[in-house]
Amino acid sequence: MKVLLVNPPVYDFALYDFWLKPYGLLRIASALRNQGMDFDFFDFLDRGHNFYENLKLKTDTYGRGKFYSDEVKKPEVLSFMRRKFKRYGIPLSVFLEEIKGNSYDYVLIATGMTYWYIGVKEIIEVTERLLPEAKIVVGGVAATLMPVFYQKLGADIVVRGDDWDVLTGSGLEIDPSNELPLYDVYTKLNYAVIRITEGCPLRCLYCASSILKPGFRVSDVEQVADLVEQLYNKRAIRDFVFYDDALLYGIDEGLLKFFKELEERKLIGKVRFHTPNALHVRKIDEDTARFLKKMGFETIYLGVETINPLLLKQVGEKLSFSDLEVALMNLKMAGFEGSQITAYILLGLPGQDFEEVEESIRVLSKYGINVSLSEFSPIPGTPVGDQAINSLNLKDPLLTNNSVFPTLLYGFERVNYLKNLKINLSRT
Ligand code: B12
Ligand code: SF4
C-alpha cells in the first residue's frame, strides 16, 4: 500500500508565509511512519523546496516570507473585486515531475480555509486524471466545516475533524489524533509549528473552534518538549509557533509544565515562541506576562476584535477594554517592546460599523503597539457566519474570502481608507 499526502496550492488575493504549515497532514505523516506504511509527501506551500532555490524571495528573522505566485484569471463570481487573483505555491509541473511513474492507493489532500477550494479541486482533478486507481481522501479545517461541498469536489472519503472511524474497512486504518507532526518530510525548515492544547473553552459566535475541536484538552507536553529538543538539536530550529486556540487556558498542566520540560532540557533562552493565532487578553496577568517573557515569547498577538463593549458582549465577551489596558501594561512591565505586540481587530464583523473600526484603530494605535486588521470571514456552521452567508446569499464559498467579505459590507473605498489609516497610525 502506498499513500500520497498533499498540501494543495492556494488561490487567493493575498498569501504570505505567516508561519503556515499543514499541521494535520504532518501528524498523518507521523501516523503512517509509525505504522511502517510507505508514503510520499508534497507541500505546494513549502518554501524550503528546491524550486525556491533561485527565486531570491526574502525570509525574515523568524522564518516568514513570500510565496511564489502566478496571476490567474479571477473566477466570475469574484469579477467585481479590484484586486489581482493569484495561485500561490509551487507550479503543478514540479509536482507532476516528482510523482511521475509512481502509483498510489490513496491520495490524502489537506484543506485549510473554506474559500481555498480551487487548489483542492486542482489536486483532485489531477489525481483523477493521472492516478485513477487511487482513492481520494480529504480532511482538515475546510473539509470538516463543509463536508458535503468537499465531497462533491470529487473526494471518495471526507474525514470530519478527528473522526478517523470513517476509514474503518477501507484498508487505510490510521488514527493520527495523538500524533505529533513529522518534520522529516521537509528538506529545509525555518520554523516549526507546535500545539500543546486542543480546542477552546469559550464559544464566540463567529468562531469555528468548537466545531473543529468540540472539547478542550491539554496534550502530553513532555512529548512536545522532546520534539522541540530534537528540532533544535538536529535541525537548528529556533522559532516555534503555537497553533493553539487557547494557549493560556489549562496553564498549569499546559504552558507552565511545558516550560519546565524545556528548562530541564536547557532550551530556555535558546528557542523563541510566536502566537499568530492570538492569546486571550484576559489571561495576561502580571505573572503570566513575566512568564511569557522568561519563556522566550518573541511576538505576542492579542485577540482584541473591537473596542465596542456591546458588540463584544453579543459575540463572545472574551475581554473588556480595561482587560486590554491591564494586559498591555503587564506585558510592557515584563519587558516586551511595543513592536513585539500586535492587537488583532476585526474588520467587517456583521454588526460592526465602519466608524467603530476607525475608532478601534485610532484608540489602539495610541498604545504604541502594532495593530493588525483581521478581515472577517464568515465561517459556515458558526451562528454569525451562517447568518451572514444566508442574508447576503453567499452561495459560493469564494465570497466568504476574508478579502471579499468586508468589501461587500463597507465597499472598496471605505476598506482602503481603514487600511491606510492603520498604516499611517499603527507601528506596522
Ligand atoms: C493556525 C491558523 C491560522 C494560521 C495559518 C493557517 C494555515 N496553516 O492554513 C494563520 C495565523 C496564518 C491564519 C490566518 C487566518 N485564519 Co486561521 N486558523 C488557524 C487555526 C488556529 C489552526 C488551523 C490548523 O492548521 N489546524 C490544525 C488542524 C487541521 O490539524 P489537526 O487538529 O491536527 O487535524 C485533525 C483533523 O482535522 C484531521 N486532519 C487535519 N488535516 C487533515 C488532512 C487530511 C487529508 C485528512 C484526511 C485529515 C486531516 O486529522 C487531524 C488529527 O485527527 C484555525 C483554528 C483551528 N482550531 O483549527 C484557524 C482558522 C482555520 N482560521 C480562520 C480564519 C478566519 C483565518 C483568517 C481569515 C483570519 C483573518 N481574518 O485574518 C486568516 C486567513 C489567512 C488567509 N490568508 O486567508 C478560521 C477559518 C476561516 C474559514 N473560512 O475557513 C479558523 C477555523 C479559525 C476560526 N476563527 O474559526 N490561521
Ligand atoms: S476565544 Fe478565540 S478560539 Fe475561543 S471561541 Fe473565541 S475566537 Fe474562538
Side-chain angles (χ1 to χ4, degrees), residues 3 5-8 10 12-28 30-31 45 64 88 106-117 120 136-146 155 157-164 166-167 172 174-181 193 195 198-213 216 241-247 249 274-282 301 303 305 315-319 344 346-349 372-382 385 397 400-403 405-406:
V3 180
L5 304 179
V6 184
N7 188 34
V10 168
D12 206 329
F13 295 98
L15 191 76
Y16 183 71
D17 183 5
F18 189 59
W19 298 304
L20 253 73
K21 284 279 175 271
Y23 187 77
L25 205 64
L26 295 172
R27 296 174 75 201
I28 297 172
S30 272
L45 300 180
R64 299 170 295 190
Y88 292 87
Y106 286 91
V107 176
L108 270 59
I109 307 168
T111 66
M113 303 298 148
T114 47
Y115 47 82
W116 284 350
Y117 71 82
V120 177
I136 299 171
V137 183
V138 300
V141 173
T144 302
L145 297 174
M146 306 184 75
I157 302 173
V158 175
V159 178
R160 298 176 71 167
D162 299 312
D163 184 15
W164 289 94
V166 73
L167 291 183
L172 177 74
I174 50 166
D175 184 353
S177 51
N178 286 312
E179 298 287 349
L180 289 176
V193 166
R195 194 170 66 191
E198 270 187 18
C200 175
L202 305 189
R203 293 285 177 268
C204 299
L205 299 181
Y206 53 83
C207 173
S209 177
S210 63
I211 307 174
L212 299 165
K213 301 283 169 188
F216 174 75
V241 181
F242 286 106
Y243 266 12
D244 300 54
D245 280 333
L247 185 63
Y249 278 80
H274 308 274
T275 60
N277 196 27
L279 294 176
H280 286 88
V281 169
R282 219 169 236 171
Y301 291 83
E305 324 306 9
V315 294
E317 209 182 6
K318 60 181 176 186
L319 78 156
Y344 283 130
L346 281 168
L347 170 71
L349 179 69
S372 174
L373 293 179
S374 289
E375 297 157 302
F376 179 71
S377 155
I379 308 171
T382 63
T400 66
N401 184 307
N402 64 323
S403 298
F405 190 74

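Ligands are counted one by one from 1 in listed order, and the atoms in each one are counted from 1 as well. Note that the numbering runs from 1 along the sequence shown for the chain. The figures here come from the full heavy-atom set of this structure, side chains too, leaving out hydrogens, waters and symmetry mates.
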Kindly indicate whether the side chain of R195, heavy atoms from C-beta on, has any atom under 4.5 Å from the side chain of R27. yes

Tell me the protein heavy atom at minimum distance from [atom], and give that distance in Å.
atom: atom 29 (C) of ligand 1; answer: V141 CG2, 4.0 Å
atom: atom 87 (C) of ligand 1; answer: I379 CD1, 4.6 Å
atom: atom 14 (C) of ligand 1; answer: M113 CE, 4.1 Å
atom: atom 12 (C) of ligand 1; answer: L20 CD1, 3.5 Å
atom: atom 8 (N) of ligand 1; answer: Y243 OH, 3.1 Å

Which of the ligand 2 atoms, numbered from 1, are nearer than 4.0 Å to a heavy atom of C204: 1 (S), 5 (S), 6 (Fe), 7 (S)

Distance under 4.0 Å to a non-hydrogen atom of C207: what atoms of ligand 2 satisfy this? 3 (S), 5 (S), 7 (S), 8 (Fe)

For ligand 2, is E305 a contact, meaning one of its heavy atoms is under 4.0 Å away? no

For the student: nearest non-hydrogen atoms of A14 and Y88, plus distance: CA-OH, 3.2 Å

Please indicate whether any nitrogen or oxygen in [X] is less than 3.5 Å from any nitrogen or oxygen in ligand 1.
X: T144; value: no
X: W164; value: yes
X: N277; value: no

Please verify whether a non-hydrogen atom of R195 lies at under 4.0 Å from ligand 1. yes

Hey, does W19 sit under 4.0 Å from ligand 1 if you only count heavy atoms? no

Within 4.0 Å of some non-hydrogen atom of E375, the atoms of ligand 1 are 70 (C), 71 (N)

Under 4.0 Å from ligand 2, counting heavy atoms only, is it the side chain of C200, its backbone, both or neither? side chain

